[in-house]
2 protein chains.
Amino acid sequence: MGTIRVTLADVARSAGVSQTAASFVLSGRRKEMRISAEVEARVLRAASETGYRPNIVSRSLRTGTSHTIGFVSDTVATTPFAGHVIWGALDAARDRGHLLFIGETEGDPDLERQLIDAMHDRGVDGIVLASMYTRKIAVPKTLMDRPAVLLNAVPTTRSWIPSVVPDEVEAGRTVVRVLLDAGHRDGIALIGAAPPNQVPKGSLAGVQRLQGITEALHDAGVNLAGAVPCVDWQPDIGYDATRRLLKKTMPSALICFNDRVALGAYQALADAGLDVPADVSVVSFDDDLMASWVRPQLTTVALPHYELGREAINVLLEEDPQRRSNRPPPIHRIPMPLRERDSVRRLPSSQRRARAATVA
Amino acid sequence: MGTIRVTLADVARSAGVSQTAASFVLSGRRKEMRISAEVEARVLRAASETGYRPNIVSRSLRTGTSHTIGFVSDTVATTPFAGHVIWGALDAARDRGHLLFIGETEGDPDLERQLIDAMHDRGVDGIVLASMYTRKIAVPKTLMDRPAVLLNAVPTTRSWIPSVVPDEVEAGRTVVRVLLDAGHRDGIALIGAAPPNQVPKGSLAGVQRLQGITEALHDAGVNLAGAVPCVDWQPDIGYDATRRLLKKTMPSALICFNDRVALGAYQALADAGLDVPADVSVVSFDDDLMASWVRPQLTTVALPHYELGREAINVLLEEDPQRRSNRPPPIHRIPMPLRERDSVRRLPSSQRRARAATVA
DNA sequence: CACACGTGCTGATTCGATTTAGCACGTGTG
DNA sequence: CACACGTGCTAAATCGAATCAGCACGTGTG
């Protein structure tokens, strides 16, 4: 306890050389300073014998880089979402020799600014600003001075700040492909949004999932059997929307805009005496925990939390050189993997052959 | 972008005074240096006009305190447990002007050491070492050099390091009190552990919950109607244990050693045609999410995640003075609050009067 | 032999704040 | 008038590593 730290000066003295020599050896740049192999050996030996560890605070003051990253999110760790994002960020940071500060804003812009400033005061190399759900955010001015990345968010204001977001458009295409591949065609209906752009207010995910879905359907020459928008993607609202749909038409497959909506749809279908997937197939988005709890387990396209966290760190640490170029800020889209479970029925091969014929 | 930071020297120059004067004014110690009110005003004005913010890296190098804390846990944020602990730690840290590094060891001692060292290298003021579940841990040597606190763990080795843990003994007393208050007396049985010390291997919580329970029962002069230990506190094991109990006796109330065990007990009771709470009351520990999902909702004693996180930070930041005293390291026990829900039946007042008479 | 040049290292400065030591000036005291 | 003492401030050292600017010594070249 209270062990005094070994400094570079100690190592240099113990190796009988100057601090400069020791410094260059230990940073692996001995050739640059033309340090002899013999001196190198002495320094390395002294360093390992004394148990020298460089003081990063000091290095940071001199060089301006701290091997430290700030991670600021509106909600930290109380949801599995945020948990896995942080997990990915931690892993990526560790792989690259960085440590992570974390902070939670609770959605308060003042707190957000204070946290960002507090991190900058501590010399972080950059900041990841993360959002719970995908949306556009006004980038705090205080974030603009130094390297930064938005996670699960895109900037409203003009800025050079890169974003890392799930590839929702492609996910929309994916769910359509799943249904088409299983032989569904004319009975596909949407729960949670409707073309051309009826989505929950402020929901970027809604817009993009819908875009992917409509594009994929259009490419296949398929028309929707129906579509009921929701003001919010919650189970009870999804329940009501599904009941309304069933009054007008009998779908063969539902695309629900997230797993909570799908849960509501499950209940409405059950109430109507319909079986999933025998009578109606269901596909969805997010891969919430509940997706594997419900019976039948839900086929859904997962939000790639862990990968989002990883990629945000990687983008941040590679971001500097191209900064301030006049191109629009890069948006990195992370694939959303399909989790195939038990809520989609493969139609009998006769029908599938029919479809194959149509396509050909 | 790339805005150059204002330094103390800039502020001093702009106020027309020395750095020393500016420094003492800004740290609120002007009387100590006998700085005039007029100079104070000039400095404060210059600081706010230039938007000066102290460089904490530099301060840290000089003073050795960084207003930064390391939080190392075996599992970070992927469970609501860890999430709420971190949430509490973040709040406490913010309240005291500190920022939190976090790190995850995945149970790997090497990684643990590396993380602790990396944090020390960055000049953290102290480290919280957190464990997913309450247990004894070997304190890493590298943790001993500087302030530290164990969270949800107590040291096996002799060390001065304080611990913050849930007050499991008192929680044991609490569940007994709930049952006694509701009029239960002779029909109380345990699922998950049995006196004197049959608990899942390595489970500190088991030992302490059992201790509290047996003490409270003894104080009330009540004997157990039965007790079935479990090798692990999982639903299926709780299910089996409950079935075994029911073959021997008909309890009026079960004390389950955690909520997962209680879930198994619910199923076994249902299979036996018994209603909760009409036929059998159930109380438990942890307040897992599932405790409010099951029907009837489960009366349980909650693990105080948020408070554990808060208290760990508070203890850490107040820990220095008494350090290295020869007394054993302090163990801070955090109360586990009772969540009264619907799984306990109040016995008819006749029986309760009978009990009151017995006691009197 | 004079001088350039390469080799192998060292001394001193820097980053930005904190802090110790001490200086100049005025006022009161014997 | 000499001298102590209080007041209000400044200069310079310090924390630990990185790094710029050289210095000494040998070797080769004209």
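Letters go in sequence order (proteins before strands), and every chain restarts at 1.
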**Study point:** Exceeds 12 heavy-atom contacts within 6.0 angstrom, atom CZ of B:Arg96
**Key:**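 Yes, enclosed.
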
Exercise for review: Compare side-chain N and O positions of A:Tyr52 against OP1 and OP2 of D:dA17 and report whether any pair is under 4.0 Å apart.
Suggested key: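 For D:dA17, OP1/OP2 do have a side-chain N/O of A:Tyr52 under 4.0 Å.
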
Point to revise | Side-chain N or O of B:Arg29 closer than 4.0 Å to phosphate OP1/OP2 of C:dT19 | key: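 For C:dT19, OP1 or OP2 has a side-chain N or O of B:Arg29 closer than 4.0 Å.
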
From [atom1] of [X] over to [atom2] of [N], roughly how many Å is that when rounded to an integer?
X: A:Lys31; N: D:dT19; atom1: NZ; atom2: C1'; result: 20 Å
X: A:Leu61; N: C:dT13; atom1: CG; atom2: P; result: 17 Å
X: B:Asp10; N: C:dA17; atom1: CG; atom2: P; result: 8 Å

**Study point:** Any residue meeting ring pair (Phe, Tyr, Trp, His ring centres under 6.0 Å) with B:Phe24, in chain and number order, not counting sequence neighbours
**Key:**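 Checked B:Phe24 against ring pair (Phe, Tyr, Trp, His ring centres under 6.0 Å); zero matches.
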
Any salt bridge linking [X] with [Y]? Criterion: basic side-chain nitrogen under 4.0 Å from a carboxylate oxygen.
X: B:Asp117; Y: B:Arg122; value: no
X: A:Arg113; Y: A:Asp108; value: no
X: B:Glu311; Y: B:Arg333; value: no

Study note, to complete from the structure: With sugar-phosphate taken as primed atoms, P, OP1 and OP2 and all else as base, the protein-contact string of nucleotides 6-14 of chain D at under 4.0 Å (heavy atoms; B, S, -) is -BBBBBBBB

Check your understanding: Got a minute to check which stems DNA chain D is part of, using Watson-Crick or G-U wobble pairs under 3.5 Å, three or more consecutive?
Key ->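 Correct response: C:1-30 with D:1-30.
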
